[in-house]
Amino acid sequence: MPKRVDHQQRRGEIAEALFRVVARGGVPAVTLRAVAAEAGISMNLVQYYFPAKEAMLRFAWRRVVELSVERAAAEVGRALETGDERAVVRAYLAAVLPSDDRTRLLAAVQIAYFAADVTRGGPHPDEEALLPHLVRGLTEQIAVAQRGKRVSAALDAGMEAGALATMAAGLVTGILGGAYTAEAAFALVDYRIAQLFRP
């Protein structure tokens, strides 16, 4: 009996190969042939799933978003169980920072996509930006902490959230570029959160 092929799994494997190509050479390094070689499959098979490079790039970006959301949901979900807004804010930021080989790979892919967007004058219409989601989540938790008098009511929750999200985005680049270790980056996050949640 012929072996049944899980098409979604195969697309995922191709996306993973694309991630590795992008992490090494950026988005311009992506070709159907390069991804096929990285995946160890024929170019015809890649073309079966993705007739054009652009379709493959779009699918891979959606996969990056899915994986990022899954990571954030796990981190934030655990923190929400504590009922501590400070822990939830930290979890949101921790979910952004690369802390192992896998998260470094995914962060490098995200940055490569952003770099490609900058050079072509903006994101592709299908690319969902992740930063606004982070800002919204942080704003909500800071506002809850303000109502509980754990964060000063004089602060602008949205502006504080934007500052934290921007810091985290910068730290991602710093970690990947070797300016910060993951430990040093988390120390900066903890310092900034301590300032926000100051009694």
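Any value given below was found using the heavy atoms of this structure, including those in side chains, with hydrogens, waters and symmetry copies removed.
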Check side-chain contact (heavy atoms from CB on, under 4.5 Å) between Asp101 and all other residues, then give those that pass, not counting sequence neighbours. none
What pairs with Arg104 under salt bridge (Lys or Arg N to Asp or Glu O under 4.0 Å), at least two apart in sequence or on another chain? none
Could you work out, with ring pair (Phe, Tyr, Trp, His ring centres under 6.0 Å) as the rule, every residue matching Phe59, not counting sequence neighbours? Phe50
The criterion is side chain to side chain donor-acceptor pair (under 3.5 Å); which residues satisfy it with Thr139, sequence neighbours excluded? none
Test of understanding: with salt bridge (Lys or Arg N to Asp or Glu O under 4.0 Å), list the residues that count as partners of Glu160, not counting sequence neighbours. Arg192
Residues in salt bridge (Lys or Arg N to Asp or Glu O under 4.0 Å) contact with Asp84, at least two apart in sequence or another chain: none
Which residue pairs pass the side-chain hydrogen bond (donor to acceptor under 3.5 Å, both in side chains) test when at least one of the two sits in residues 86-97, sequence neighbours left out? Arg90-Asp190
Taking only residues two or more places apart in sequence or in another chain, which ones pass side chain to side chain donor-acceptor pair (under 3.5 Å) with Gln47? none
Tell me every residue that passes salt bridge (Lys or Arg N to Asp or Glu O under 4.0 Å) with Arg20, counting only those two or more places apart in sequence or in another chain. Glu38
Side chains of residues 141-149: which donor-acceptor partners sit under 3.5 Å, not counting sequence neighbours?
residue, atom, partner, partner atom, Å
Gln146, NE2, Ser152, O, 2.9
Gln146, NE2, Leu155, O, 2.8

NZ/NE/NH1/NH2 to OD/OE distance under 4.0 Å, Glu81 and Arg78: no
Residues passing the ring pair (Phe, Tyr, Trp, His ring centres under 6.0 Å) test with Phe186, sequence neighbours excluded, are none
Listed partners of Gln9 passing side chain to side chain donor-acceptor pair (under 3.5 Å), at least two apart: Glu13
